[in-house]
Amino acid sequence: MMDILWGGPRDPELNRALALWCAVQIGLPRPFEEPYTTMGVMKDGTVVGVVVFNNWQPEAGVIEMHSAATTPRWLTRPVLKAMFGYAFHQAGAQMVVTRVSERDSRLLRIFTAYGFDHVTIPRLRGREEGERIFFLTDDAWLSNRFNARERHPIASKKTVEDQYIG
């Protein structure tokens with residue numbers, strides 16, 4: 001069984017620790033810039049996955065999501081429900097965006113299965129590597145097979161502080 005814990009303004013120390021864990025796992029050259037909200041996934045008291053929600057654009061209803069894990073088994077249905085529940089129901093986003101190397105065929109398969117569309121931009125990661133920009137709308141999430149039992153409307157928008165920071 002996986003346990004989910006949330007960082008954010010209520011626990012800034014945990015929020016920073018989870019974001020740093022994710023950045024190190026991904027190999028980012030610098031830490032995420034605040035503000036962001038994190039979701040950690042634990043198995044037997046050890047972090048096995050982290051999601052960082054950042055770059056919230058309330059005018060457009062778009063939030064960016066970054067994730068890393070030490071095992072592919074971390075993405076259980078309850079974890080997916082919590083991850084996209086935060087983005088679409090709590091934050092009130094209408095679209096989630098994530099960026100991945102064009103060389104990552106495993107994530108291409110996974111994100112496509114979840115209902116993400118994508119575009120590939122050559123050289124976005126430098127002269128020798130492009131990047132896929134994946135995007136998932138609330139409508140696509142509500143209609144995909146992972147969400148078949150959760151056919152409820154998306155939450156209405158709240159204040160920016162409640163959506164993204166809190």
**Student:** Between the side chain of Q94 and the main-chain N/O of A60, is any donor-acceptor distance below 3.5 Å?
**Tutor:**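 Flag set: sc Q94 to bb A60 pair under 3.5 Å.
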
**Student:** Checking T71 now: which residues fulfil side chain to side chain contact (heavy atoms under 4.5 Å, CB included) with it, not counting sequence neighbours?
**Tutor:** V48, R73, W74

**Student:** Between CZ of R30 and CD of E33, what distance do you get to the nearest 0.5 Å?
**Tutor:**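 Reported to 0.5 Å precision, the distance equals 7.5 Å.
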
**Student:** Heavy atoms, side chains only, cut-off 4.5 Å: are F134 and V97 in contact?
**Tutor:**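 Sidechains of V97 and F134: no contact.
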
**Student:** Output side-chain donor-acceptor pairs under 3.5 Å for residues 15-26, partner residues at least two apart or in another chain, one line each.
**Tutor:**
unit_1, atom_1, unit_2, atom_2, d
N15, OD1, G8, N, 2.9
N15, OD1, T38, N, 3.0
N15, OD1, T38, OG1, 2.7
N15, ND2, Y36, O, 3.0

**Student:** Once rounded to the nearest 0.5 Å, what's the spacing between atom OG of S101 and atom CG of L124?
**Tutor:** 10.5 Å

**Student:** Check for a donor-acceptor pair, side chain of R132 on one end and backbone N or O of E102 on the other, with a separation under 3.5 Å.
**Tutor:** yes

**Student:** Indicate the atoms forming the closest heavy-atom contact of M83 with F53, along with that distance.
**Tutor:** O-CZ, 3.4 Å

**Student:** Who are the salt bridge (charged side-chain N to carboxylate O under 4.0 Å, His left out) partners of R103, not counting sequence neighbours?
**Tutor:** E129

**Student:** With H66 as reference, evaluate N54, V51, L28 under the side-chain contact (heavy atoms from CB on, under 4.5 Å) test and give the passing residue.
**Tutor:**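 It is N54, the one option of N54, V51, L28 that forms the side-chain contact (heavy atoms from CB on, under 4.5 Å) with H66.
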
**Student:** Considering all heavy atoms of both residues, which atom of R106 and which atom of P72 are nearest to each other, and what is their separation?
**Tutor:**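 For R106 and P72, the tightest heavy-atom pair comes out as NH2-CB, 3.4 Å.
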
**Student:** Rounded to the nearest 0.5 Å, how far apart are CZ of R10 and OG1 of T37?
**Tutor:** 9.5 Å

**Student:** Please give me the minimum heavy-atom distance between M95 and F135, naming the atom from each residue.
**Tutor:**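 That closest heavy-atom pairing would be SD-CB, 3.5 Å.
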
**Student:** Kindly write out the residues that satisfy side chain to side chain contact (heavy atoms under 4.5 Å, CB included) with R99, not counting sequence neighbours, or none if the list is empty.
**Tutor:** E64, E131, I133

**Student:** Looking at every non-hydrogen atom in both residues, tell me the closest pair between W56 and A93 and how far apart they are.
**Tutor:**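 What the structure gives for the nearest pair is CZ3-CB, 3.6 Å.
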
**Student:** Are M39 and V79 packed together at the side-chain level, in the sense that at least one heavy-atom pair is separated by less than 4.5 angstrom?
**Tutor:** yes

**Student:** Show me the donor-acceptor pairs, under 3.5 Å and distance only, between side chains in residues 109-120 and residues at least two apart or in other chains.
**Tutor:**
unit_1, atom_1, unit_2, atom_2, d
R109, NH1, S105, O, 3.4
T112, OG1, L108, O, 2.7

**Student:** Would V41 and V47 satisfy side chain to side chain contact (heavy atoms under 4.5 Å, CB included), going step by step from the backbone distance to the final call?
**Tutor:** CA-CA 6 Å; V41 179; V47 174; over 6 Å; no

**Student:** With heavy-atom distances below 4.5 Å as the criterion, would you say the side chains of L5 and M42 are in contact?
**Tutor:**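 Side-chain contact under 4.5 Å: yes.
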
**Student:** Within a strict 4.5 Å, meaning less than it, do heavy atoms of the V96 and F88 side chains meet?
**Tutor:**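 Yes, close enough: below the 4.5 Å cut-off.
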
